[in-house]
Protein chains: 2
Amino acid sequence: MTGHTKSKRYHHGDLRRAILDAGEEELSERGVAGFSLRRVAARVGVSHTAPAHHFGDAAGLIDALAERGFRSLVDCMEARQERAIQTAYERLIATGQGYLDFALSEPAMFRLIFGLDQTPAEGSSLQAAALSAFMTLARAVGDLRGADPMLDPEGRIEVLACWTRAHGIADLILSGYIELPDGENAEAERDAFFRNMLAVNLSPRDV
Amino acid sequence: MTGHTKSKRYHHGDLRRAILDAGEEELSERGVAGFSLRRVAARVGVSHTAPAHHFGDAAGLIDALAERGFRSLVDCMEARQERAIQTAYERLIATGQGYLDFALSEPAMFRLIFGLDQTPAEGSSLQAAALSAFMTLARAVGDLRGADPMLDPEGRIEVLACWTRAHGIADLILSGYIELPDGENAEAERDAFFRNMLAVNLSPRDV
DNA sequence: CGTCGATCTTTCCACTGTCAAGATATTCTT
DNA sequence: AAGAATATCTTGACAGTGGAAAGATCGACG
């Protein structure tokens with residue numbers, strides 16, 4: 001007889017998920033600096049200490065949200081990969097564009113996951129989610145190289161080169177120091193800009 | 001008869017500078033998230049509302065600190081430039097290394113200036129300081145190209161390429177997702193690593 | 001010497017996260 | 001099926017935060 005109406009039950013039933021959902025909304029509306037545990041609780045219609053039982057403290061909720069964030073990041077990258085021309089090179093570019101899609105569509109979440117107070121705990125599900133995101137990129141680099149890039153120093157440098165480029169673009173856009181084209185067909189222009197940025201390089205050969 | 005002793009004068013005399021100094025210390029100790037206006041005031045030995053008259057509100061103090069931060073960033077980049085082999089290419093690499101020096105020596109400040117809630121106001125001294133930092137990098141790129149890179153789209157892309165690379169490295173290190181070598185002669189290893197990262201690239205030619 | 005404005009303090013408010021203790025519902029044991 | 005143990009959620013308190021308002025003190029300028 002568990003009524004589907006949201007009548008005032010003492011026990012929520014699915015509070016953990018509800019808090020995470022509300023937390024995501026709160027995050028995107030107020031940003032990471034303006035994030036408030038009490039507001040999230042109020043949003044769900046629950047007392048301000050209710051989240052504690054599920055997440056420990058505020059940092060615990062942040063970590064749980066970050067885990068979702070990393071998954072969303074992976075989704076964004078994979079979505080672009082699938083839409084891309086199926087060349088190793090194109091898939092790598094697409095991966096970077098997915099990274100940027102995520103940053104632009106969930107800026108606060110982007111800032112959250114890359115601004116955690118401390119690196120994810122060893123063996124935590126958060127760490128696993130972060131690693132999953134990293135592997136998505138590493139695989140794309142590996143497909144282009146034809147070998148696991150993590151096995152030799154040169155390959156690792158290449159993975160980091162791709163990552164830092166995409167990350168730098170994303171972070172500086174969110175900071176407001178890089179302006180994006182916003183003309184008529186802004187989306188196409190952005191894609192072209194991102195493609196240029198992700199591909200262009202200045203290597204010793206250029207000297 | 002202005003005694004040099006720090007006796008309890010009602011008027012501080014140089015409160016603005018004192019608050020900025022204390023703010024920098026507080027920032028480096030507690031980080032941007034744990035930054036507290038009241039603690040800064042207490043540190044100077046002044047009431048918690050005293051800063052308001054000089055900086056407006058907390059955001060005003062943050063902006064003033066950010067201005068210092070950008071100046072420090074410029075200092076770091078120029079210091080490396082001067083120590084570098086005087087080749088346009090080497091000076092550009094050095095500029096990037098200076099960027100990273102700043103991020104590593106003042107991580108909280110780095111996070112502060114690139115995580116401002118809103119982009120610096122038009123015409124503000126903060127904006128001027130930020131622009132000065134950007135120009136330091138743009139000049140280094142221009143010296144290598146032999147022309148002002150800001151005049152044509154290709155040049156702008158190159159500047160942004162250098163900037164985003166250096167920024168991505170810095171931010172991901174501070175996030176804890178990129179580990180730094182910390183062996184015996186860690187400093188030399190780091191420099192080598194940074195040099196690799198700043199120089200390595202994956203351009204369309206590589207495909 | 002007196003007035004005025006700048007500087008700093010005191011007091012209060014709404015808001016934050018966390019803790020301790022109590023209320024309620026669910027599940028487990030017998 | 002009944003009672004006990006446990007999980008879940010609420011209430012109330014606390015120290016901390018930034019900001020507003022009003023008062024105290026000082027410096028400068030007539």
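Chain A is the first sequence line, chain B the second, and so forth, proteins listed ahead of strands; every chain is numbered from 1.
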For residues B:Ser175 and B:Arg111, is any side-chain donor paired with an opposing acceptor at under 3.5 Å? yes
Choosing from C:dT7, C:dG17, C:dT9, which nucleotide comes nearest the side chain of B:His54? C:dT7
Ignoring backbone atoms, test whether B:His48 places a side-chain nitrogen or oxygen under 4.0 Å from the OP1 or OP2 oxygen of C:dT11. no
Just the rounded figure in Å: distance from P of C:dC8 to CD1 of B:Ile19. 8 Å
Under a 3.5 Å threshold, yes or no: a donor from one side chain and an acceptor from the other, between B:Thr136 and B:Glu78? no
Along DNA chain D (nearest heavy atom to each residue), the more 5'-positioned of A:Arg16 and B:Asp57: A:Arg16
Using only modelled atom types and a 3.5 angstrom limit, is any donor from either the side chain of B:Arg38 or the base of D:dG16 paired with an acceptor on the other? no
Between D:dT8 (P) and A:Phe55 (CZ): distance, integer Å: 12 Å
Distance, rounded to the nearest Å, where B:Arg39 contributes CZ and D:dA15 contributes C1': 13 Å
Does atom CD of B:Glu154 have more than 12 heavy-atom neighbours, drawn from other residues, nucleotides or ligands, at distances under 6.0 Å? no
Integer-rounded Å distance: D:dT17 P and B:Ile62 CD1: 14 Å
Specify the separation, in whole Å, of atom CG of A:Leu15 and atom P of D:dT8. 10 Å
More than 12 heavy atoms from other groups under 6.0 Å of CD on A:Glu179: no
Would you indicate, yes or no, if D:dT8 has its OP1 or OP2 atom less than 4.0 angstrom from a side-chain nitrogen or oxygen of A:His53? yes
Take atom CG of A:Leu61 and atom P of C:dT18, then tell me their distance rounded to the nearest Å. 10 Å
Give one of base, sugar-phosphate or nothing for B:Ser36, where a contact means two heavy atoms less than 4.0 Å apart. sugar-phosphate
Output the distance between atom CG (A:Leu92) and atom CG (A:Leu198), rounded to the nearest 0.5 Å. 8.5 Å
At 4.0 Å (heavy atoms only), tell me whether B:Ala50 reaches a base, stays on the sugar-phosphate, or touches nothing. base
Think A:Thr49 has a side-chain N or O under 4.0 angstrom from the OP1 or OP2 of D:dT10? no
Spacing between A:Leu37 atom CG and C:dC15 atom P, to the nearest angstrom: 16 Å
